[in-house]
Protein chains: 2
Amino acid sequence: MKRPTIADVARRAGVSKGAVSYALNGQPGVSEATRQRILAIAAEIGFNPSSAARALSGSTAEAVGLALRRPARTLGIEPFFMELISGVEAELSARSYALTLQVVSDQDAELAVYRRWWGERRVDGVLVCDLRVDDRRVPALEELGLPAVVIGGPRGTGALASVWVDDAAALVETVEYLYALGHRRIARVGGLPDLLHTAVRTAAFTEVCDRLGLAGAATVSSDYTGEEGARATRRLLSSASRPTAVIYDNDVMAIAGLSVAQEMGLAVPGDLSIVAWDDSPLCQLVHPPLTALSRDIPAYGAHAARQLLAVIGGAQGTTVQDEAAHLTPRGSTAPPRPR
Amino acid sequence: MKRPTIADVARRAGVSKGAVSYALNGQPGVSEATRQRILAIAAEIGFNPSSAARALSGSTAEAVGLALRRPARTLGIEPFFMELISGVEAELSARSYALTLQVVSDQDAELAVYRRWWGERRVDGVLVCDLRVDDRRVPALEELGLPAVVIGGPRGTGALASVWVDDAAALVETVEYLYALGHRRIARVGGLPDLLHTAVRTAAFTEVCDRLGLAGAATVSSDYTGEEGARATRRLLSSASRPTAVIYDNDVMAIAGLSVAQEMGLAVPGDLSIVAWDDSPLCQLVHPPLTALSRDIPAYGAHAARQLLAVIGGAQGTTVQDEAAHLTPRGSTAPPRPR
DNA sequence: CTGAAAGCGCTTACAG
DNA sequence: CTGAAAGCGCTTACAG
């Protein structure tokens, strides 16, 4: 099939290409009657303006980039990214923006992708995930002047816009809840330690445990996979003063931890309480269903996308706080059974 | 920062823009010495050709589109798509192709996206997932002449290129394995019935059960969610002649089914054997770990991407068969315990 | 309110 | 082997 161009529309409408452009983009410069006629003809012949031509003539690429850096196996199993993407997408497609996705292996590759996207003018802006401690992407994006919204923070985002949630508050709420249930030996299986949100959660965990006088409360680092979550749990539960409650930084590790507890003959929640960070349907599929820190991840993504579109539109980049995760108690938490 | 253009490179190299273009694209028309000098300068000033300008001057968009039609909640929980995407991406980014993603709500929206992408020249081709019975996307894409590779088949793909796997063979292998273990009452919780691969599996299931003389072997339709998988399982297990083995069309439903069995006091695998279609780390996180039909989904996606790039490059669209899923026996299958 | 024209940054025949 | 030029399909000042 032959693709209709703006010239085809202009010819059929008996006007200039400029008039068609004005009509299509809601600009002044054509009478209302002409605009309607042009729009009708465009719809009739199925005209869609070439994104390349629009992008080239100074307008925008109408696309937003997202580089994902986790290894493929982690990407697949964690619902987080797919949920985030679906929220981002919902917001973008409502404005006819495309989402350009790229999986990268490391930070250098990601920086190269940003530079290439910028040079190619392929995207109008990017969404930055998994903010790290001393993240080199922040200064690099600032220097390029590529519009960006960091999903994370609130620190370390430089002058870039950001959307963040108060993970420290959610962590404190969780520990206090476990404390109120009677737990005095609480451990945590954390995510990748160089991610900023992991550092935030770890600091909050240490602080609240100190405040409550919980000695030996420690975070074990892990990598979000079931294998590592299981390994960390085995280590924790083999210790002489094993914890009576464990908080996991994602659902997959929590489910793996549940399996380990069961394989070691510990009852959940009797001998061990389990809390998963990030609720997902998975948490409700296991026995007992997992107490989880729930939040609306698609809404988080949509929020970030909205802000990015605003920044692309010329708005000042701001730091916006999204709703923190809240505890959803289920069957995996209870007062510790006396030993 | 100012973006360098081809004119900047040409000026610094003391040649014409045409020469730079030839040098960059490996075309004849410049001496080897000049080419090397131009490439060095381009690298030095960080030049990346504008994708818009390339696309506009008759070349390609260097992008491939993928429209995902499942609802957000299903998208998030199923590892399948993220694994597929990571495989597609690996192949595309090696060739500097971008992946444009769009989540759509229904078939009409998806057709509209294809037409828009085509009209906008935003993508050079598309990957079509979740082939349906009498899929309207096939004739629509044929008519547009938009290069496409269908992930699925082998029937119903029209003249489009496709990559498919023999689900019927995998299903037969599974039923025969359960039969050999001694199972005579086998049920199946199937996926969405209007997906072609569901129809293929259902037909194969009926056929092999007939052949083996298994009366009453039936497929219950579901929608891949844990809720529906649990509901279907409850119904099956409440029947007077409850099955001793159930095959689920995805891992999430299988895990939900395992939970239901446990909640109803049935031992797995003693009272009920469970097989999950599509292996994922999830299957190994539960107790007992699930016997699953494993396949390399990233490889499947990479395969499809490679074929799409070939079709975009002008190759004839072919029907290619990928490796079928193979049974990975784990703790959830065993001979049925006599009642 | 409308038309003619320049320009975005490339690619690619066409001359030299 | 290289340069000058047309053209891709839009947008947007600039005249009328």
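Just so we're on the same page: letters track the sequence lines, and every chain starts at 1. Note that the structure is predicted; figures quoted are calculated from it, not measured.
Look at CD1 on A:Ile38: it is 12 Å from P on C:dC1, rounded to the nearest Å. Taking atom CZ of A:Arg3 as the reference point, atom P of D:dC8 lies 14 Å away to the nearest angstrom. Atom pair A:Leu56:CG and C:dC8:P shows a separation of 9 Å (rounding to whole Å applied). Remark: C1' of C:dC8 and CD of A:Glu62 are 16 Å apart, rounded to the nearest angstrom. If you measure from atom CZ of B:Arg11 to atom P of C:dC10, you get 12 Å, rounded to the nearest angstrom. Between the CZ atom of B:Phe47 and the P atom of C:dG9 there is a distance of 10 Å, given to the nearest Å. What separates CZ of A:Arg122 from C1' of C:dC8 is a distance of 17 Å, to the nearest Å.
Nucleic acid contact class of B:Thr5 (heavy atoms, under 4.0 Å, all strands): sugar-phosphate only.
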So what does the secondary structure string of DNA chain C come out as, 5' to 3', with Watson-Crick or wobble pairs under 3.5 angstrom, [ ] for crossing and | for pairs with another strand? |||.||||||||.|||
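Between A:Thr34 and C:dT2 there is a side-chain N or O to OP1 or OP2 distance below 4.0 Å.
The shortest non-hydrogen separation linking A:Ala140 to A:Leu111 is CB-CD2, 3.6 Å. Scanning all heavy atoms of the two residues, the minimum distance from B:Val149 to B:Gln307 falls at CG2-C, 3.8 Å.
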Derivation of the side-chain contact (heavy atoms from CB on, under 4.5 Å) call for A:Ile85 and B:Met82: CA-CA 11 Å; A:Ile85 287 172; B:Met82 214 53 188; 3.9 Å; yes
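Legend: salt bridge (charged side-chain N to carboxylate O under 4.0 Å, His left out) pairs involving residues 41-56 of chain A, not counting sequence neighbours, sorted by first then second residue: A:Arg12-A:Glu44.
Looking only at atom types and distance, the side chain of B:Glu62 has no donor-acceptor partner in the side chain of B:Ser96 under 3.5 Å away.
When the shell of 6.0 Å around CG of A:Asp106 is examined, it contains more than 12 heavy atoms from other residues, nucleotides or ligands. Heavy atoms of other residues, nucleotides or ligands lying less than 6.0 angstrom from CD of B:Glu32 number more than 12.
Between A:Asp322 and A:Arg295 there is no salt bridge, since no side-chain nitrogen of the basic residue lies less than 4.0 Å from a carboxylate oxygen of the acidic one.
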Annotated protein contacts, base or backbone, on nucleotides 11-16 of chain C with a non-hydrogen cut-off under 4.0 Å, one of B, S, - each: BBB---
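Among B:Val163, B:Leu308, B:Ile151, the one residue that satisfies the side chain to side chain contact (heavy atoms under 4.5 Å, CB included) test with B:His303 is B:Val163.
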